[in-house]
Amino acid sequence: MNARATPLTPTVFLFCRMGDMVMLTSLLNLLHQRYGQSCRVVGTGSWTPAIYAGNPDVEGVWSFHRHLPFLLERSWLQVRRALRESAPGPVYVCERHFRQLPRIRRMLRLSGVDPRRVLYLTDPARPGQVHLHDLMVRLGTRTPPALEERDYAVPPLTAVVGPRLHVLASERAARDRWLQASGIAGRELILIQPGNHRSMGPKRARWRRLNTDDKWWPPERWAQLCQRLHAERPDAVLLLRGSREEVPLLEEIRAAARVENLMVVGNGLRELFALEEAASSMISVDTGPAHAAAALSVPLVVLYGAEMPSQWLPRSPFGTPVVGLGGPPLSTRADQISVDEVLAAWRSLGGRRPPANAGAGGAPDSRTARERHAAPDQR
């Protein structure tokens with residue numbers, strides 16, 4: 001930013017699921033550096049503010065119901081006021097969904113936002129050619145017509161950090177107390193995430209009965225994987241993780257595996273982030289917690305169904321390995337991936353990542369040796 005330019009507050013719209021909101025943190029970091037003020041984020045879902053807790057690039061977060069009329073929600077008046085007060089600050093709209101984008105356009109129009117302040121995400125590339133994360137960063141390098149680019153220069157992309165999440169000291173302390181009480185403090189933790197948004201939703205029984213969830217990996221394979229992991233790392237603790245709605249599924253897998261050091265954990269997002277930070281590695285289907293793990297620099301294996309890893313593979317801020325399995329053109333369902341393939345991918349992650357001082361009162365700052373070895377295109 002030009003030293004003589006007035007710092008501005010950017011506003012960013014994205015009405016998407018957890019993984020996309022995690023990837024958005026790279027754009028937020030870029031905009032914070034560029035305009036001199038932290039960002040305001042408008043999204044959907046009551047969980048959205050939890051994504052950005054402790055993030056210095058975010059000043060405020062508002063969330064709307066994904067399907068209810070926004071005029072009836074309490075957040076609407078706050079967002080309208082914030083948009084007016086932020087003028088002439090830039091507005092970046094990352095949403096592409098054909099139902100959600102018109103809602104955002106109406107919000108901007110009813111707030112009296114000058115259209116010259118607004119930029120929209122466009123994707124001229126063919127599907128599968130450009131990763132969503134890169135599209136959002138590319139959007140941040142553009143300048144709204146109402147502003148002068150020379151006043152708000154784009155920072156070097158090598159200086160942009162993300163995607164990245166932040167764990168609060170109080171959350172680390174709560175995690176360490178839980179690890180101590182569970183008798184597993186100081187042990188290697190391997191996280192396993194079998195479920196996705198369909199397995200935790202109200203129609204989860206129907207998805208399973210009809211076998212129409214392309215991200216579904218059968219419980220018996222998860223059980224076999226747990227057995228194989230335990231054979232290779234008998235001293236490690238395997239944590240089957242999911243939302244509280246997914247605990248019955250996790251217990252089913254645990255009962256089928258019948259191995260020592262296998263635990264079920266049903267928790268919320270902030271507890272998940274703290275637990276991921278302490279893990280040595282994670283194996284997951286294509287879902288939001290996988291993106292969170294990568295953003296916390298956890299070595300990761302992701303199983304894909306119908307989505308393309310070239311567009312959705314989680315990114316790590318400091319080059320920690322992330323391996324994707326399946327997805328087009330190789331396959332269209334996660335259950336086409338074998339246990340042997342998953343185990344081989346997990347082995348390829350390399351050596352164990354030291355736990356984040358689990359059970360010892362804290363975790364190191366994320367800017368450690370992992371940053372010094374970061375791949376330039378992932379910083």
Side-chain angles (χ1 to χ4, degrees), residues 18-19 22 184 187-200 213-243 246-247 249-254 256-257 259-267 272-273 275-305 307 309 312-316 320-327 330-331 333-353 355:
M18 176 182 168
V22 172
I184 58 176
R187 303 274 294 277
E188 180 188 6
L189 305 178
I190 301 176
L191 283 182
I192 301 170
Q193 172 78 34
N196 62 82
H197 70 277
R198 293 165 185 159
S199 57
M200 64 179 287
D213 182 0
D214 62 273
K215 299 182 182 183
W216 178 260
W217 210 49
E220 57 269 21
R221 292 196 203 170
W222 287 112
Q224 293 170 21
L225 178 64
C226 290
Q227 293 167 351
R228 302 277 294 275
L229 291 170
H230 177 68
E232 296 212 9
R233 299 274 179 86
D235 295 329
V237 178
L238 309 180
L239 297 178
L240 284 166
R241 187 272 159 195
S243 67
E246 292 169 321
V247 167
L249 169 63
L250 305 180
E251 290 288 1
E252 177 184 348
I253 296 170
R254 186 176 70 87
V259 298
E260 297 179 1
N261 302 335
L262 177 59
M263 299 175 59
V264 167
V265 181
N267 56 18
L272 166 65
F273 297 165
L275 196 57
E276 287 181 323
E277 185 188 57
S280 67
S281 60
M282 183 173 181
I283 301 172
S284 173
V285 295
D286 172 28
T287 189
H291 286 272
L296 289 161
S297 296
V298 180
L300 175 68
V301 174
V302 187
L303 283 65
Y304 281 84
E307 300 291 350
W312 304 103
L313 189 70
R315 293 288 182 88
S316 168
T320 306
V322 178
V323 178
L325 293 176
L330 299 176
S331 59
R333 290 180 58 89
D335 59 17
Q336 295 172 290
I337 303 170
S338 70
V339 175
D340 286 341
E341 289 176 287
V342 177
L343 191 65
W346 175 77
R347 287 172 179 153
S348 76
L349 297 177
R352 307 178 191 182
R353 187 183 75 140

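Under the 4.5 Å side-chain criterion, counting only non-hydrogen atoms from C-beta, Val298 is not in contact with Leu191. Side-chain contact check for Leu240 versus Pro194: some heavy-atom pair is nearer than 4.5 Å.
Panel note: side chain Arg254, backbone Leu262; no donor-acceptor pair is recorded below 3.5 Å. Under the 3.5 Å distance criterion, the side-chain polar atoms of Ser280 are matched with a main-chain donor or acceptor of Leu189. Using a distance-only test at 3.5 Å, with no hydrogens or angles considered, a donor-acceptor pair links the side chain of Gln193 to the main chain of Gly195.
Of the candidates Leu325, Ile192, Val322, Val301 forms a side-chain contact (heavy atoms from CB on, under 4.5 Å) with just one, namely Leu325.
Residue Arg221 holds its CZ atom at 7.5 Å from OG of Ser338, rounded to the nearest 0.5 Å. Here the CE-CG distance, from Met18 to Asn196, works out to 12.5 Å after rounding to the nearest 0.5 Å. Separating the CG atom in Asp286 from the CG atom in Leu313 is a distance of 9.0 Å, to the nearest 0.5 Å. In this structure, Asp214 CG and Glu307 CD are separated by 7.0 Å, a value rounded to the nearest 0.5 Å. Note that CD of Gln224 and CD of Gln227 are 6.5 Å apart. Values are rounded to the nearest 0.5 Å. Atom CZ of Arg315 is separated from atom NE2 of His291 by 10.5 Å, given to the nearest 0.5 angstrom.
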Check: Stepwise, does the side chain to side chain contact (heavy atoms under 4.5 Å, CB included) test hold for Trp217 with Leu225?
Finding: CA-CA 11 Å; Trp217 210 49; Leu225 178 64; 4.1 Å; yes

Next item on the list: Test Asn267 against Arg241 for side chain to side chain contact (heavy atoms under 4.5 Å, CB included), laying out the working first.
Entry: CA-CA 8 Å; Asn267 56 18; Arg241 187 272 159 195; 2.9 Å; yes

Check: So Met282 and Glu276, side chain to side chain contact (heavy atoms under 4.5 Å, CB included) or not? Walk me through it.
Finding: CA-CA 8 Å; Met282 183 173 181; Glu276 287 181 323; 3.3 Å; yes

Notebook entry, point to check: When you look at Asp340 and Arg228, which way does the side chain to side chain contact (heavy atoms under 4.5 Å, CB included) test go after all the steps?
Noted result: CA-CA 9 Å; Asp340 286 341; Arg228 302 277 294 275; 3.0 Å; yes

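Residues Asn261 and Pro234 share a closest heavy-atom pair of ND2-O, 2.9 Å. Between Ala236 and Ile190 the shortest heavy-atom distance is CB-CD1, 4.0 Å. Closest heavy-atom contact between Tyr304 and Trp312: OH-O, 3.2 Å. Shortest non-hydrogen contact noted between Ala290 and Ser284 is CB-OG, 3.6 Å. Contact record, Cys226 with Ala257: CB-CB, 4.1 Å, taken as the closest heavy-atom pair. Val265 and Leu250 make their closest contact through O-CD1, 3.9 Å (heavy atoms, listed as atom of the first residue, atom of the second, distance).
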